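For ligands, and for the atoms within them, numbers begin at 1 and follow the listed sequence. Below, each value reflects all heavy atoms present in this structure, side chains not excepted, and no hydrogens, waters or symmetry copies. Not measured: the values here are computed from a predicted model.
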Amino acid sequence: MKVLKFGGTSVGSVENMRAVMQLITDGNQKLVVLSAMSGTTNSLVEIANYLQKKNKDAARQVISQLEQKYYKVVNDLYATPEKKEKGKAIVSGIFQTIKSLTSGDFSEVTENTIVAQGEVLSTAMFTELMLENGYKALYLPALDFMKIDADKAADLYFIRENVAKVLEASEPADYYITQGFICRNANGDIDNLQRGGSDYTATLIGAAIDSEEVEIWTDIDGFHNNDPRYVENTKKIDQLSFDEAAELAYFGAKILHPQTVLPAKLQNIPVRLKNTMNPSDPGTLIASESSGHGIKAVAAKDGITAIKIRSYRMLNAYGFLKNVFEIFEFFKTPIDMISTSEVSVSLTIDNVKHLNEIVSELKEYGEVEVESDLTIACIVGEMIAEESGFAAKVFNALKEIPIRMISYGGSHHNISVLVKTELKKQTLQALSNNLLNN
Ligand code: ADP
Ligand code: ASP
Ligand code: MG
């Protein structure tokens with residue numbers, strides 16, 4: 001069974017939901033993962049933020065605006081008065097849940113429960129649309145099988161066991177509809193796979209049910225060779241290897257949640273990126289084979305902090321790197337880029353939750369400098385670091401831009417440069433002009 005995921009814009013209006021229904025109803029059984037309607041998760045995050053700041057009036061105002069918007073959607077979405085009533089009842093029930101969370105103490109569970117309601121709304125409404133139109137659709141609650149562990153990593157073993165159980169226990173259907181993004185955590189509370197996480201839900205379920213293909217339907221015709229939000233004249237890529245796509249997603253290509261590729265790669269399940277507004281376009285195929293040699297694309301990841309540690313011992317400082325890395329391991333903080341000399345090391349992190357503790361422990365071993373508001377621009381392709389003259393091309397492309405750090409040759413697929421975030425657009429455009437469009 002294929003897994004098809006539709007993103008926020010794809011289900012972002014009544015017309016688009018109808019288009020998705022047309023698109024999926026080809027008679028082949030499938031499992032459909034939906035995001036919240038576009039804008040909804042942002043509003044829910046806003047509500048949670050107001051509640052955290054104890055500004056209940058502001059929270060209630062956003063809730064009421066959002067609720068009215070959904071009444072309008074259900075009124076337009078269904079044809080019959082019965083279904084319009086049913087839609088209203090769904091919306092009213094979910095908003096009752098949200099409103100009940102405005103009284104009482106605010107906690108992470110409150111926040112996660114509120115933020116989860118966008119996907120619950122879209123899937124419940126969409127299932128009713130399918131039923132109204134005579135299709136055999138079934139609503140599957142993702143909270144019955146999607147789970148993360150105490151380290152917030154997806155628990156693929158649990159997901160595999162439980163999605164099978166849920167499917168076995170449910171009425172047979174042609175179209176199973178479930179929520180992206182949301183899951184339970186190790187405490188059994190509602191949690192999520194982080195913003196944009198519906199893509200990850202799709203490949204996790206795909207891997208769990210040994211799907212033949214996962215399709216990720218969005219608002220663009222596939223993976224582009226640069227970020228179309230910052231760079232002009234980007235081009236669609238027909239095919240990427242799992243490794244190339246994983247690096248691009250990890251280093252900021254917003255079209256895929258950073259972890260989406262991993263479950264697909266583990267089980268060798270092809271992932272196809274498709275455009276809901278242009279379904280006949282073949283999109284981008286992500287599979288085990290690469291589509292050949294050379295540079296494929298550039299992506300950029302913001303919110304990077306660089307830490308430079310200069311050892312107090314100038315010579316024979318063996319053990320220095322081990323001591324440094326152990327501190328990051330202890331605070332469960334992954335390192336992205338790294339550059340070393342005998343007595344100093346520079347590295348980057350994107351999770352600054354424990355930055356203060358990390359810095360104070362690092363000071364035991366050396367002088368520490370911290371720089372924030374940085375961006376990693378990542379150039380991805382096949383065997384690019386091995387090509388002669390390639391370093392010269394990259395440096396030439398970036399000759400106007402001060403590079404803070406560079407990582408070259410650590411991977412066959414990736415060359416990364418660290419720049420100030422204020423230079424991101426210029427960096428991406430320069431790489432595009434010099435490396436991609438000639
Ligand atoms: P969805 O809501 O369907 O998950 P997203 O907004 O998360 O959609 O992802 C699609 C968007 O990602 C595109 O509209 C585009 O602006 C942006 N994007 C960033 N980098 C790329 C890229 N390399 N290729 C294609 N789209 C990209
Ligand atoms: N609705 C969630 C978000 O906006 C998840 C997703 O769209 O993938 O982040
Ligand atoms: Mg997305």
For Glu215 and Lys5, what are the C-alpha separation, side-chain angles and deciding distance, and is it a salt bridge (Lys or Arg N to Asp or Glu O under 4.0 Å)?
-> CA-CA 6 Å; Glu215 295 178 0; Lys5 176 257 170 177; over 6 Å; no
N or O contact, Phe181 vs ligand 2, cut-off under 3.5 Å | no
Do Lys147 and Phe158 meet the cation-pi criteria used here (NZ or CZ under 6.0 Å from the six-membered ring centre, within 45° of the axis)?
-> yes
Specify side chain, backbone, both or neither for His257, according to which of its non-hydrogen atoms lie closer than 4.0 Å to ligand 2.
-> neither
Of all the heavy atoms in Lys5, does at least one lie under 4.0 Å from an atom in ligand 1?
-> yes
Distance under 6.0 Å and angle within 45° of the ring axis: does Lys424 meet both against Tyr230?
-> yes
Does any N or O atom in Asp199 lie less than 3.5 angstrom from one in ligand 2, N or O only?
-> no
Picking from Asp336, Thr375, Thr348, what satisfies side chain to side chain donor-acceptor pair (under 3.5 Å) with Lys301?
-> Asp336
Identity and distance of the protein heavy atom lying nearest atom 24 (N) of ligand 1 | His224 N, 2.8 Å
Where is the nearest protein heavy atom to atom 7 (O) of ligand 2: which residue, which atom, and how far?
-> Ser35 OG, 3.3 Å
Test item, Asn226 contacting ligand 1 (heavy atom, 4.0 angstrom) = yes
What protein heavy atom is closest to atom 3 (C) of ligand 2, reported as residue, atom name and distance in Å?
-> Arg195 NE, 3.3 Å
N/O separation below 3.5 Å, Lys5 to ligand 2 = no
Mark yes or no for whether Asn275, through its side chain, and Met277, through its backbone, hold a donor-acceptor pair below 3.5 Å.
-> yes
How does Arg229 reach ligand 1, by side chain, by backbone, by both or by neither, if only non-hydrogen atoms under 4.0 Å count?
-> side chain
